[in-house]
Amino acid sequence: MPELPEVETTRRGLAPHVEGQRITQVQVFEPRLRWPVDPGLAQVLTGLTVARLERRAKYLLFRLGAGALMVHLGMSGSLQLKHPPFERLRHDHILLTLGSGAVLVFNDPRRFGSLHWLGSAPEDHRLLAHLGPEPLSSAFDGAYLAAQAKSRSAPVKAFLMDGSVVVGVGNIYATEALFLAGIHPRRPARRISAARYDRLAAEVKTVLTQAIAAGGTTLRDFVDGSGRPGYFQQTLHAYGRAGHPCPRCATPLRGERLAQRATVFCPRCQR
DNA sequence: ACTGGCTCCTGAGGGC
DNA sequence: TGCCCTCAGGAGCCAG
């Protein structure tokens with residue numbers, strides 16, 4: 001399920017193959033995604049050239065002139081570069097043919113992903129305007145987290161996964177960062193010291209950086225721009241390991257539901 | 001200003 | 001073998 005490392009892995013893999021390329025054909029086979037695909041998308045994109053492929057939060061931004069094509073992979077989406085002839089697979093919803101002859105294929109079984117055309121000032125779009133800082137930027141640190149947490153009674157895990165606080169930290173990496181920082185996921189956000197937030201911010205950066213280096217986490221269906229899976233799942237300490245011994249103290253890890261999400265933690269190490 | 005719950009969707013996996 | 005049920009989850013949205 002794509003979180004920030006998976007989206008960044010996709011961006012890095014695709015960028016050299018799409019930047020500078022003209023979009024020569026757009027085929028929409030299934031417009032019913034998280035948001036309905038604009039019926040005019042094919043018309044507006046055709047003929048434009050991709051200047052740069054960027055990422056903001058978990059959104060990919062294909063910069064095209066003054067505008068941008070914004071793509072979200074949802075939780076089962078992938079963008080792959082394919083070379084004709086190839087067989088269109090089930091759930092291949094949208095195909096973008098490039099001047100090079102390669103085809104960018106958007107596949108998404110659960111259709112939680114989306115494509116938007118942002119005609120001008122992309123960062124002002126309602127889906128981007130209220131996002132928090134990037135977790136790997138200098139704007140994100142313990143002091144920032146502590147300040148944000150001041151009036152928050154919600155569990156720290158929900159706080160950490162709130163995109164208006166910090167972007168890109170989904171269930172897997174929130175679970176891992178809290179484990180590494182030794183913080184109980186249910187602890188109210190405002191009841192955590194500044195020193196512990198320093199540690200948490202550092203662990204978020206560490207786990208995301210390592211996951212990017214490993215090509216992301218593939219639990220079921222994530223593949224990068226070339227169809228390759230990630231292998232960070234081999235490094236997970238807590239996520240998906242409920243009932244197994246804690247890697248640190250061997251106490252059985254506990255699995256619970258928190259804010260509609262599967263949550264795993266060590267009842268002894270995490271306070 | 002926050003918080004928690006609901007919603008979209010398909011496929012995997014377990015039980016029988 | 002096959003069917004049915006449950007679960008998984010990103011994140012926008014809404015009611016309280």
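Letters go in sequence order (proteins before strands), and every chain restarts at 1. As a basis for the values below, the full set of heavy atoms in this structure was taken, side chains included, without hydrogen atoms, waters or symmetry mates.
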- Message: Please confirm whether the shortest side-chain N or O distance from A/Y239 to OP1 or OP2 of C/dA8 is below 4.0 Å.
- Response: no
- Figure out the CG/P separation between A/N171 and C/dC7, and round it to whole Å. 15 Å
- Check the distance between C/dA8's C1' and A/I172's CD1 and give it to me in whole angstrom. 11 Å
- Whole Å only: how far is the CG atom of A/L258 from the C1' atom of C/dG9? 14 Å
- Take A/K205 and A/D141 through the salt bridge (Lys or Arg N to Asp or Glu O under 4.0 Å) test and state the conclusion after the steps. CA-CA 9 Å; A/K205 289 174 191 279; A/D141 60 15; over 6 Å; no
- Task: Would you indicate what A/A158 reaches in the nucleic acid, counting non-hydrogen atoms under 4.0 angstrom: base, sugar-phosphate, or nothing?
- Result: nothing
- Hey, what's the ring geometry for A/H72 with A/Y59, parallel, tilted or perpendicular (30° and 60° as the breaks)? perpendicular
- Query: Counting side-chain heavy atoms from CB outward, which of B/dC2, B/dG4, C/dG9 is closest to A/S151?
  - Reply: B/dC2
- Linked, directly or transitively: A/M161 and A/L73 (ILVMFWY side chains, under 4.5 Å): no
- Message: Tell me if a side-chain donor or acceptor on A/E6 pairs with a main-chain N or O of A/E3 at a distance below 3.5 Å.
- Response: yes
- Rounded off to whole Å, could you give me the CD-to-C1' distance for the A/E256 and C/dC7 pair? 17 Å
- Task: Answer with base, sugar-phosphate or nothing: what part of the nucleic acid does A/P155 contact at a heavy-atom distance below 4.0 Å?
- Result: sugar-phosphate
- Report yes if a side-chain nitrogen or oxygen of A/S76 is closer than 4.0 Å to either non-bridging phosphate oxygen (OP1 or OP2) of C/dG9; otherwise report no. no
- Message: Is there a path of hydrophobic side-chain contacts, each under 4.5 Å between heavy atoms of I/L/V/M/F/W/Y residues, joining A/I192 to A/Y144?
- Response: yes
- Task: Have a look at A/A259 and say if it touches a base, only the backbone sugar-phosphate, or nothing, with a 4.0 Å heavy-atom cut-off.
- Result: nothing
- Query: Between A/F179 and A/H237, is the gap from one ring center to the other below 6.0 Å?
  - Reply: yes
- Reading nucleotides 11-16 of chain C from the 5' end, what letters show protein touch, with B for base, S for backbone sugar-phosphate only, - for no heavy atom under 4.0 Å? BSS---
- Query: For the pair made of CG in A/D108 and P in B/dC8, what is the distance, rounded to whole Å?
  - Reply: 16 Å
- Task: Compare the minimum distances between each of C/dG10, B/dT3, B/dT10 and the side chain of A/F112, then state the nucleotide with the smallest one.
- Result: C/dG10
- Return no unless some side-chain N or O of A/R152 is found under 4.0 Å from OP1 or OP2 of B/dT3. yes
- Query: What is the distance from CG of A/N107 to P of B/dT10, rounded to the nearest Å?
  - Reply: 13 Å
- Note on the structure: Taking for A/R111 and for A/Q148 the nucleotide of DNA chain B with the nearest heavy atom, the one nearer the 5' end belongs to A/Q148
- Could A/R52 and A/F62 be counted as a cation-pi pair, given that NZ or CZ must be under 6.0 Å from the ring centre and within 45° of the axis? no
- Please check if any side-chain donor atom of A/S78 sits under 3.5 Å from a side-chain acceptor atom of A/N107, or the reverse. no
- Message: If I take atom CE in residue A/M75 and atom P in nucleotide C/dC7, what distance separates them, rounded to the nearest angstrom?
- Response: 15 Å
- Think A/R32 has a side-chain N or O under 4.0 angstrom from the OP1 or OP2 of B/dC8? no
- Spacing of A/L73 atom CG relative to B/dC9 atom C1', expressed in whole Å: 16 Å
- Given C/dG10, B/dT10, B/dT3, which nucleotide is nearest the side-chain atoms of A/H91? B/dT10
